[in-house]
Amino acid sequence: MGFKEIFGTLPEASAQAPGRVNLLGEHTDYQEGYVLPAPLPYFTQVEAAKAEGRVEAYSETLKELRARPLGSPAQGDFLDYLLGVVWALREAGHKVPGARFYIRSQVPIGAGLSSSAALEVAALRALRTLYRLPLSDRDLALLGQKAEAAYVGVRSGIMDQMAASLGEPGKALFLDTRTLAYENLPLPAGVRVAVLDLGLGRHLREAGYNQRREEAEEAARRLGVRSLRDVGDLCLVESLPPPLDKRARHIVGENLRVLKGVEALRKGDARAFGELMVQSHRSLAENYQVSLPELDALVEAALEAGAHGAKLTGAGFGGAVVALVPEARFAPFQEALTARFPGLRIL
Ligand code: GLA
């Protein structure tokens with residue numbers, strides 16, 4: 001199957017965007033904090049052509065063709081993301097009368113690897129070419145986030161779309177989510193970023209995510225700051241009632257860990273970076289309470305099997321673990337983990 005078989009015409013543009021893992025800086029991006037994601041070598045590719053008054057899309061993964069007129073409400077399927085980006089472009093004043101998409105994706109869905117941001121950014125890149133839109137890569141990330149928040153109805157931060165739009169292979173994207181200033185930093189030589197996916201799905205992720213966001217907002221309000229990014233001193237959070245103290249402790253500590261992680265990357269110090277990942281995971285488990293016993297066990301097993309560091313990646317409540325593994329020890333690492341967790345996928 002291809003674009004021509006589905007739509008009867010040839011595509012006029014094509015584009016792709018990668019999934020991502022987050023190495024450090026978890027649950028900081030909706031409090032104007034720092035993040036450090038890295039793009040994965042797995043992509044969502046779209047081919048696209050112009051259309052009038054409607055958006056149509058075929059997903060090769062789902063083997064489904066969906067079509068709806070512009071202005072239709074979101075329905076909870078993959079077409080929402082495409083209608084969403086077209087809606088966001090039109091809202092911003094761009095002339096985009098519709099489009100057809102053929103989607104192929106290598107990014108696993110539901111593993112916390114941002115398959116939705118990859119789809120949004122790939123579609124936006126194709127639309128930029130198709131309709132010759134004067135948009136920067138940063139603009140595309142913001143439009144993707146707007147589509148997801150206001151059209152699809154998922155209130156995420158800006159990390160995922162920025163990683164999909166601005167990340168570079170083999171590098172981590174150090175992003176300040178307040179100013180959107182960023183820098184792509186090379187990962188240390190001789191290490192491999194491994195994604196460990198037990199296929200846990202996303203149990204209660206959305207409800208849990210929104211609750212954490214509200215708790216973080218409440219903590220910032222009580223501390224009298226615009227966002228927890230402005231709290232530089234961990235002692236300040238001790239005045240908060242539980243669980244807000246724990247939530248704020250995570251976010252304040254996590255921002256510091258990203259800054260330390262950036263220093264470690266600049267020195268090429270994989271061990272120091274790995275140690276920060278472990279601290280991040282423990283804080284996500286104990287303070288932010290978004291881990292699961294399966295993820296904790298996987299992190300411990302990854303460390304025992306020789307990883308420099310490991311942590312859950314993304315929102316938590318399921319999803320995958322990311323590990324930083326010395327290249328030279330990768331084969332025994334893989335063997336030890338697959339022996340211990342049948343059904344584990346290592347990407
Ligand atoms: C999800 C969101 C991101 C970010 C992470 C947690 O992936 O989409 O914006 O908040 O959770 O770090």
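Heavy atoms only: backbone and side chains are in, while hydrogens, waters and symmetry mates are out. Every number for a ligand or one of its atoms is a count from 1 in the order of the listing.
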Undergrad: Among all protein non-hydrogen atoms, which one is nearest to atom 3 (C) of ligand 1, and what is the separation to 0.1 Å?
TA: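 Result for atom 3 (C) of ligand 1: Asp29 OD2, 3.4 Å.
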Undergrad: May I ask you to check whether Gly157 has an N/O atom sitting below 3.5 Å from an N/O atom of ligand 1?
TA: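 Yes; at least one N/O pair falls below 3.5 Å.
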Undergrad: For Tyr34 and Arg229, does a side-chain donor sit closer than 3.5 Å to a side-chain acceptor?
TA: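 Note: Tyr34 and Arg229 side chains meet the donor-acceptor criterion.
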Undergrad: Only heavy atoms of Glu26, strictly under 4.0 Å: list the atoms of ligand 1 that pass.
TA: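 Listed by number with element: 6 (C), 12 (O).
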Undergrad: Which residue supplies the protein heavy atom nearest to atom 8 (O) of ligand 1, what is that atom called, and how far is it?
TA: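 Nearest protein contact, heavy atoms only, for atom 8 (O) of ligand 1 is Asp160 OD2, 2.6 Å.
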Undergrad: Do me a favour and list the nearest non-hydrogen protein atom to atom 6 (C) of ligand 1 with residue, atom name and distance?
TA: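 Protein heavy atom with the smallest distance to atom 6 (C) of ligand 1: His27 N, 3.4 Å.
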Undergrad: Do Phe101 and Phe78 make the cut of ring centroids closer than 6.0 angstrom?
TA: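 So the answer is no for these two rings.
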Undergrad: Answer yes or no: is there a donor N or O on one side and an acceptor on the other, between the side chain of Ser165 and the main chain of Gln161, under 3.5 Å?
TA: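 Judged by distance alone, no pair lies under 3.5 Å.
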Undergrad: List ligand 1 atoms under 4.0 Å from Gly314, heavy atoms only on the residue side.
TA: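 Contacts of ligand 1 toward Gly314, numbered from 1: 6 (C), 11 (O).
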Undergrad: Angle class for the Tyr151/Trp87 ring planes (parallel below 30°, perpendicular above 60°, tilted otherwise)?
TA: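 Taking Trp87 first and then Tyr151, their aromatic rings sit tilted (interplane angle of 30° to 60°).
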Undergrad: Among all protein non-hydrogen atoms, which one is nearest to atom 5 (C) of ligand 1, and what is the separation to 0.1 Å?
TA: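 Ranked first by proximity to atom 5 (C) of ligand 1 is Met159 CE, 3.8 Å.
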Undergrad: Assess Arg155 for proximity to ligand 1: is some non-hydrogen atom of it under 4.0 Å away?
TA: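 Judged by the 4.0 Å heavy-atom criterion, Arg155 does not count as contacting ligand 1.
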Undergrad: Within the distance-only criterion (no hydrogens, no angle test), does the side chain of Ser72 pair as donor or acceptor with the backbone N or O of Pro69 below 3.5 angstrom?
TA: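 Checking the backbone N and O of Pro69 against the side chain of Ser72, a donor-acceptor pair under 3.5 Å is found.
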Undergrad: Taking only distance into account, with no hydrogens and no angle test, what donor-acceptor pairs under 3.5 Å do side-chain atoms of residues 2-15 form with protein atoms, sequence neighbours excluded?
TA:
from	atom 1	to	atom 2	distance (Å)
Glu5	OE1	Gly2	N	2.8
Glu12	OE2	Lys50	N	3.3

Undergrad: Output yes when the distance from some N or O of ligand 1 to some N or O of Thr28 is under 3.5 Å, and no in every other case.
TA: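 No.
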Undergrad: Can you check whether Leu166's main-chain N or O pairs, donor with acceptor, with Asn184's side chain at less than 3.5 Å?
TA: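 Side chain of Asn184 to backbone of Leu166, a donor-acceptor pair under 3.5 Å: yes, one is there.
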Undergrad: Who's the nearest protein heavy-atom neighbour of atom 7 (O) of ligand 1, and how far?
TA: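 The closest heavy atom on the protein side is Arg20 NH2, 3.0 Å.
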